[in-house]
There are 2 protein chains.
Amino acid sequence: MEADETDLDRHPHPHLAVDVALLTLHERALHALLLRRDAAPFAGAASLPGGFVHIDESLPDAVVRVLREKCGLHGVFVEQLFTFGDVGRDPRGRVVTVAYYALVPVAALAAARATGELTLCRLDVPWPQTQGGPVRALDANGKPLRLAFDHDVILGTTVQRLRGKIDYAPVGFELLPPQFTLLDLLEVHQAVLGCPINKDSFRRRLLASGLLAPTGRLRANVAHRPAALFRFRRKGRGKGHA
Amino acid sequence: MEADETDLDRHPHPHLAVDVALLTLHERALHALLLRRDAAPFAGAASLPGGFVHIDESLPDAVVRVLREKCGLHGVFVEQLFTFGDVGRDPRGRVVTVAYYALVPVAALAAARATGELTLCRLDVPWPQTQGGPVRALDANGKPLRLAFDHDVILGTTVQRLRGKIDYAPVGFELLPPQFTLLDLLEVHQAVLGCPINKDSFRRRLLASGLLAPTGRLRANVAHRPAALFRFRRKGRGKGHA
DNA sequence: GCAGCATATATGCATTTGGAAGATAAGCAA
DNA sequence: TTGCTTATCTTCCAAATGCATATATGCTGC
């Protein structure tokens with residue numbers, strides 16, 4: 001940062017946007033909340049909710065505003081993901097975007113989906129483990145949607161981040177309602193990781209983690225022994241990571 | 001992204017910069033390469049090498065340029081860290097910075113340190129584990145330096161990221177010369193993590209990881225049994241992460 | 001009300017993984 | 001050559017995990 005802002009204003013500088021990859025769990029699969037663009041560029045394509053950062057708002061504030069204005073959502077879990085700044089990523093000009101990801105239980109989207117052009121699209125992750133790469137979003141018929149800008153890469157980076165994080169950070173809870181069973185949580189992990197998980201060790205590990213608070217209640221209306229309902233306990237006594 | 005760029009140009013938009021937290025290992029401790037600011041704001045304070053992003057260069061290109069222009073360095077390991085965009089973080093106006101971290105063996109800095117106002121400052125991390133928070137940079141006398149902008153937080157985020165990553169990603173090698181002993185690598189991990197590590201399990205884990213290629217050579221000029229020298233083998237056959 | 005069903009939960013055991021300690025090896029110095 | 005120091009190897013033990021089995025429980029159909 002060698003020059004005064006007055007110097008810099010003589011030259012054009014990049015525009016700055018935020019985009020939000022909002023993920024949820026629906027029918028045991030990861031879904032993203034996408035909107036349909038009706039203006040060029042990429043008219044007709046699906047895109048992440050996003051918007052330009054105002055001169056007087058922080059990045060998290062911009063994200064909160066975008067989620068409110070475009071999705072009618074508030075109070076959702078949000079974390080910064082990565083900043084994408086390739087020169088050619090927006091045909092309109094130089095736009096650098098700070099991508100965030102948001103996680104919400106699918107029930108919280110009922111209101112959002114009623115509002116306008118939003119659709120919940122199942123994600124198709126064509127790579128294993130945490131390898132990374134773009135991800136496809138499927139329409140109701142299972143056909144891949146055209147995604148605007150580099151949003152396929154942003155979605156891919158989101159899944160990659162979640163896969164690397166879910167084993168040691170309590171992010172799975174953000175995709176579940178306040179009360180859930182261990183099987184619910186297991187299915188979240190399986191959907192994120194894209195592979196089956198050992199049920200017993202998962203149970204033991206989670207019960208020992210101190211992250212679960214028993215509610216004393218049971219899952220109702222199931223034609224078999226009902227599972228215990230748990231609640232996420234924040235500030236689980238962490239045991240380091242080594 | 002709802003508006004045309006022509007619309008947006010009517011309004012002022014944030015400036016965009018990159019800052020690089022360049023870390024190395026010196027005397028078994030993490031050090032950062034800092035430069036002394038001679039212009040306001042924060043004149044006299046220490047700061048990360050950084051600069052504004054040009055309209056026609058990608059973010060990685062801007063980082064490479066900054067490292068070349070300000071530090072005389074090229075070919076170093078660089079990864080994106082986090083984007084800092086608080087409204088008040090730069091008193092000159094709205095500047096959002098995409099922070100990167102770079103890792104280099106200390107020997108590679110000989111040239112850089114000769115060039116101008118660069119100093120290698122030992123880092124003092126006042127928090128355990130991966131808790132996070134700002135980090136102090138110490139001068140040659142061990143006194144904390146005044147750090148410009150939010151660069152104390154950027155350095156803290158770098159250490160936090162490294163601590164979370166070094167156990168499962170091959171980043172420790174970037175801080176070592178091409179050939180090194182297992183004890184060298186262990187000391188890198190200890191310096192990053194800020195806590196002692198079990199020597200035997202470290203040896204077993206690393207030898208089994210496939211990341212080390214034996215060179216057949218031994219450390220010379222030591223008054224005891226010399227350790228074997230290894231080389232970092234890229235593309236170690238990863239075994240997933242579960 | 002009762003047998004039976006499907007899943008939840010608990011228990012036991014083999015395998016694997018990581019920590020700790022001792023034994024041995026290999027250079028150099030006196 | 002002896003002794004010192006650190007590297008490397010071997011062994012043992014505790015903890016975590018995968019797997020198989022046994023038991024528990026609420027519901028459904030009769």
Side-chain angles (χ1 to χ4, degrees), chain A residues 28 129 166-170 172 176-177 179-190 193-231 236-242, chain B residues 27-28 129 163-164 166-169 172 176-177 179-231 236-242:
Chain A
R28 299 183 182 177
Q129 312 279 349
I166 197 170
D167 278 337
Y168 67 92
L176 290 172
Q179 300 198 6
F180 51 86
T181 69
L182 275 167
L183 186 57
D184 293 335
L185 187 57
L186 178 98
E187 285 172 349
V188 168
H189 281 240
Q190 288 186 153
L193 294 174
C195 64
I197 296 175
N198 184 281
K199 213 170 158 180
D200 298 272
S201 71
F202 184 79
R203 160 180 295 273
R204 268 185 303 217
R205 192 155 46 90
L206 266 291
L207 288 179
S209 73
L211 291 171
L212 298 179
T215 63
R217 301 178 54 185
L218 301 176
R219 166 78 80 215
N221 300 326
V222 284
H224 52 79
R225 173 172 178 175
L229 286 169
F230 292 88
R231 186 186 298 277
R237 38 199 172 277
K239 26 184 64 174
H241 70 108
Chain B
E27 291 171 351
R28 298 185 184 177
Q129 311 280 351
R163 285 188 179 180
I166 197 169
D167 278 336
Y168 66 93
L176 289 172
Q179 299 199 7
F180 51 87
T181 69
L182 274 168
L183 185 57
D184 293 335
L185 187 57
L186 178 101
E187 285 171 350
V188 168
H189 282 238
Q190 288 187 152
V192 168
L193 294 173
C195 64
I197 295 174
N198 184 281
K199 212 170 159 180
D200 297 270
S201 71
F202 183 79
R203 160 181 295 274
R204 266 188 305 215
R205 190 156 47 91
L206 266 292
L207 288 179
S209 72
L211 291 171
L212 298 179
T215 64
R217 301 178 52 184
L218 301 177
R219 167 79 80 215
N221 298 325
V222 283
H224 52 79
R225 173 173 177 174
L229 285 170
F230 292 90
R231 185 186 299 276
R237 40 199 173 276
K239 30 185 61 175
H241 72 106

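Convention: sequence-line order gives letters A, B, ...; per-chain numbering from 1.
Between the base of D/dG18 and the side chain of A/Arg204 there is a donor-acceptor pair shorter than 3.5 Å. Between the side chain of A/Arg225 and the base of D/dA24, at least one donor-acceptor pair of N or O atoms lies under 3.5 Å. No N or O donor and acceptor, one from the side chain of B/Asn198 and one from the base of C/dA20, sit under 3.5 Å apart.
Put simply, A/Lys199 has no side-chain N or O that comes within less than 4.0 Å of OP1 or OP2 on C/dT9. Considering only side-chain N and O atoms, B/Arg205 lies nowhere under 4.0 angstrom from the phosphate OP1 or OP2 of C/dT17.
Shown here for B/Leu212 and B/Phe230, the closest heavy-atom pair between the two residues is CB-CD2, 3.8 Å.
We find that CZ of A/Phe230 is positioned 11 Å from C1' of C/dA8, with the value rounded to whole Å. The CG atom of B/Leu207 sits 12 Å away from the C1' atom of D/dA7 (whole-angstrom rounding). Computed from coordinates, the B/Arg203 CZ to C/dT17 P distance equals 19 Å when rounded to whole Å. Between the CG atom of A/Asn221 and the C1' atom of D/dG26 there is a distance of 11 Å, rounded to whole Å.
Residue A/Asp200 places its side chain closer to C/dA10 than to any other of C/dA10, C/dG18, D/dT8. The side chain of A/Ser201 lies closest to D/dT17, out of C/dA8, D/dT6, D/dT17.
Non-hydrogen atoms lying under 4.0 Å from DNA chain C are contributed by nothing in residues 213-220 of chain A.
Remark: A/Phe180 pairs with A/Phe173 by the ring-ring contact (aromatic ring centres under 6.0 Å, His included) rule, at least two apart or across chains.
Within 6.0 Å of CZ in B/Arg205 there are more than 12 heavy atoms belonging to other residues, nucleotides or ligands.
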